[in-house]
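The structure under discussion appears below in the form of structure tokens.
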Amino acid sequence: MTASHLPDAGSPAVPVRKQVIAIAGNPNAGKTSLFNRLTGASQQVGNYPGVTVEHKEGVVRHGDRRIPVVDLPGTYSLTAYSLEERVARDFIIDEQPALVVDVVDASNLERNLYLAVQLMEMRVPLVIALNMIDVAESRGIRIDTARLSLLLGVPVVATVGSRGRGVDELVDICTAVLDGTVNALPQTVHYGHVVDEEITGLAGVIAENTLLDRRFEPAWLAVKLLEKDPAAAGRVRLMAGVRYGLVDTAAAAAVLRIERHYGEDTATIIAERRYGVAAGAVRQCMSRTVQSRMDLTDRIDNVVCGRILGPVILVGVVAALFFWVFKLSDEWAWLPWFGGWVSPTGLVNWIFAQLSALLAPARHSMPMLHSLFDAALVRGVGGVLGFVPLIFFMFLFIAALEDSGYIARVAFILDRLLRMFGMQGNSILALIVSGGLGAGGCAVPGIMATRTLREEKDRLVTMLVAPFMNCGAKMPVYAVLIAAFFPASRTEMMLLLWAISWFVALAAAWTLRRFVIRGEQTPFVMELPPYHVPVLRGVLLHTWERTWLYIKKAGTVILAVNIVLWAFMYFPRPPERPDGKAPTAAEALAHSMAGRFGRALEPVSELAGFDWRTNIALLGGFAAKEVVVGALGTVYAMDIEKGGDSAPLAARLAAEPDWSPRRAFAMMLFVMLYAPCMTTIAVIARESGSWKWAAFATLYSTTIAFVIALAVYQAGRLVG
Amino acid sequence: MKTAVLTLFDLVSGQSARIVRIRNTGAKGIRQRLLDMGITRGAVVRVERHAPMGDPVEIAILSYRLALRMNEAREIEVEPVEA
């Protein structure tokens with residue numbers, strides 16, 4: 001390697017870079033924990049402009065300086081073929097960060113340096129964080145950081161992100177680079193004479209024939225054109241305008257010459273050369289004192305991925321997860337409270353019961369305000385927040401499993417099975433988070449979890465069927481109806497509902513893949529990271545982020561929906577009765593907008609067994625499923641003259657003459673399958689990039705739900 | 001004239017092999033992705049295990065573990081090496 005690479009700082013070709021540090025790196029390289037260490041509590045989740053990939057921003061402090069840090073998506077490469085990779089490289093080009101920190105897994109140096117080589121190609125100031133150096137050392141790997149730094153031309157710092165080792169040093173180096181006291185401009189990457197010459201030639205053609213944006217390095221564009229990268233070609237076309245033909249011809253000719261010379265296609269040659277650079281660096285700076293393999297991971301996988309034990313353990317883990325989530329959040333009273341003990345869910349419910357009691361005196365003095373606060377705020381939002389402990393523990397265990405490396409094995413074991421239905425192993429995570437384990441979960445984070453799926457068609461199918469899973473918000477509906485009509489067989493009913501949700505989801509996926517989202521099945525290429533003990537800090541942070549998302553939803557969307565719904569059910573007020581008495585709550589409800597709407601739908605809905613009052617609740621559930629039980633409660637509470645909580649909803653429904661087990665079952669199925677809640681619909685639109693799919697999801701699931709509910713209800717009638 | 005070319009698909013657990021080439025039959029993105037993951041000519045891989053349903057397959061390459069489907073394994077030509 002030669003080092004004739006330093007551009008003079010005064011030339012206009014060097015753009016002014018933003019004082020921002022971007023963190024890049026492979027997945028599983030410990031990028032997130034290093035980012036957490038760097039930024040502490042200052043981080044925020046945001047979206048990249050124009051696309052849906054989430055990113056995190058934070059601030060790193062050095063003395064009294066505050067430098068913004070952006071966490072790029074974890075990627076293995078910087079091609080145009082995956083969203084994450086495009087986002088990462090567009091950020092580096094468009095946002096011009098002053099420095100990129102590449103987090104490299106020291107125990108897996110060669111593959112990680114492949115990305116570093118691509119960052120070097122972009123000629124962005126670069127610092128290598130040689131992370132997880134402790135793991136490498138424990139495997140007998142020694143790395144000469146000074147030598148690696150010399151070879152790449154950029155500073156190299158050994159770090160252990162999970163324990164904070166080397167972080168101060170990393171920050172010192174980064175600020176020195178920003179101040180210009182340490183050089184971090186990488187060495188030029190060489191691909192062998194033939195390719196190098198073509199790159200130089202093509203870079204010249206590009207520079208000559210385009211109004212080159214200062215942010216682009218002509219040599220980088222040349223490499224990308226040789227790789228036949230469609231996104232880079234698009235950029236060149238924009239900058240070249242009418243002269244694009246010249247560039248395109250030159251690129252095609254160069255590709256042809258290289259391919260004729262090597263007898264291989266250019267993308268392969270260039271990838272191999274990059275690996276050649278990485279391997280060369282590894283040979284020169286790494287030594288192994290002992291030849292050790294990933295012993296522990298291997299021994300675990302021999303059991304965990306075994307032919308018979310593998311699936312058995314998988315079922316066991318899932319069952320254990322549910323056992324602990326429910327025990328810890330709801331069934332065990334383990335929090336000390338006023339000299340007694342209470343479960344976390346019990347605590348939340350207690351708080352809202354106190355609030356309701358506090359409001360009670362206003363029932364007669366300010367009936368309207370009381371009704372608003374009690375129905376929309378206390379019952380509506382309180383009902384939703386009652387699920388926070390459940391969701392917290394669910395995410396806690398899933399985050400720990402993810403961090404440990406086991407979820408990747410779940411995908412490995414189940415890939416073949418899910419593929420038969422047009423999804424892939426990675427889909428399982430989205431389905432589990434959406435509530436696929438039987439109870440609890442939420443389609444919103446579930447659909448966001450489909451980002452791990454590289455293939456658009458698989459991803460779309462997974463997104464469209466994930467809302468069928470039994471999310472936490474459907475649980476209260478099941479709980480109330482089962483308590484009222486199937487009190488003797490709770491477990492069996494829950495199991496049945498779980499099985500039905502999977503059956504419908506898989507059947508829908510199969511059908512969608514066959515008739516709507518057709519196309520070849522795409523590859524599943526996934527790293528199986530070594531197992532490690534989950535980092536508590538990271539797991540808690542991750543859990544808290546997801547839980548907070550849910551709480552925010554309760555405070556915003558669901559509160560708003562509850563207020564609107566309340567207004568629909570409250571206005572217009574019925575006229576005075578001739579005998580001077582106040583109208584009953586039932587009369588008031590029937591007179592309200594919601595009542596009229598429910599009645600208008602009744603001729604259709606009663607085919608599936610739903611009367612106008614159920615329609616009101618289901619309409620509310622369209623906004624957020626959590627609303628269904630609350631709305632049913634309001635609808636039936638309004639029937640009782642005193643309107644209090646004298647009898648639980650389940651008992652009241654069981655006593656209603658027009659409710660039957662058959663109707664309850666049809667209703668549970670309908671709630672399970674009909675339109676995803678508004679938040680989910682918005683997320684589907686965002687994640688699929690089109691409202692068309694969101695509208696499709698709404699219509700097709702409601703149709704399926706109605707047909708199944710109707711079939712069950714009518715069949716039940718025949719049976720008697 | 002097609003002789004039986006060995007592919008990753010044909011290897012059993014524990015067997016090692018050197019990558020000869022990736023066939024150019026799959027979609028463009030697939031080939032690039034395999035290359036990006038280090039499946040390049042001359043690289044040595046070892047088949048670790050197959051998933052319980054026989055597919056996907058887990059291989060050791062470049063001191064890490066990679067899972068890929070048998071469909072992709074069929075695209076990767078190899079020659080056996082002594083472990």
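In the text below, chain A, chain B and the rest are named by the order of the sequence lines, each starting its count at 1.
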> Who among A:R111, A:E527, A:R274 has the most heavy-atom pairs with chain B under 4.5 Å?
Replying inline: A:R111
>> Between B:I61, B:V57, B:D55, B:L34, who has the most heavy-atom pairs with chain A when the cutoff is under 4.5 Å?
In response: B:D55
> Relative to chain A, which of B:A43, B:P56, B:G38 shows the most heavy atom pairs under 4.5 Å?
Replying inline: B:P56
> Checking heavy atoms, do the side chain of A:L78, its backbone, both or neither come under 4.5 Å from chain B?
Replying inline: neither
> A:D415, A:L414, A:V282, A:T79: which one forms the most heavy-atom pairs within less than 4.5 Å of chain B?
Replying inline: A:D415
> Hey, is A:K224 close enough to A:E227 for a salt bridge, meaning N to O under 4.0 Å?
Replying inline: yes
> In terms of heavy-atom proximity below 4.5 Å to chain A, should B:I22 be classed as side chain, backbone, both, or neither?
Replying inline: neither
> Where does A:N28 contact chain B at under 4.5 Å (heavy atoms): side chain, backbone, both or neither?
Replying inline: neither
> Quick one: ring-ring contact (aromatic ring centres under 6.0 Å, His included) partners of A:Y114, sequence neighbours excluded?
Replying inline: A:Y275
> When rounded to the nearest 0.5 angstrom, what distance separates CD in B:E48 from CG in B:L66?
Replying inline: 11.5 Å
Let me check something: any side-chain donor-acceptor pairs from residues 311-318 of chain A under 3.5 Å, sequence neighbours excluded? List them with distances.
none

> Stepwise, does the side chain to side chain donor-acceptor pair (under 3.5 Å) test hold for A:Q118 with A:S77?
Replying inline: CA-CA 7 Å; A:Q118 293 187 65; A:S77 181; 3.0 Å; yes
> What part of A:D105 lies closer than 4.5 angstrom to a heavy atom of chain B: side chain, backbone, both or neither?
Replying inline: neither
> Is the shortest distance from a Lys or Arg side-chain nitrogen in B:R74 or B:D10 to a carboxylate oxygen in the other one below 4.0 Å?
Replying inline: no
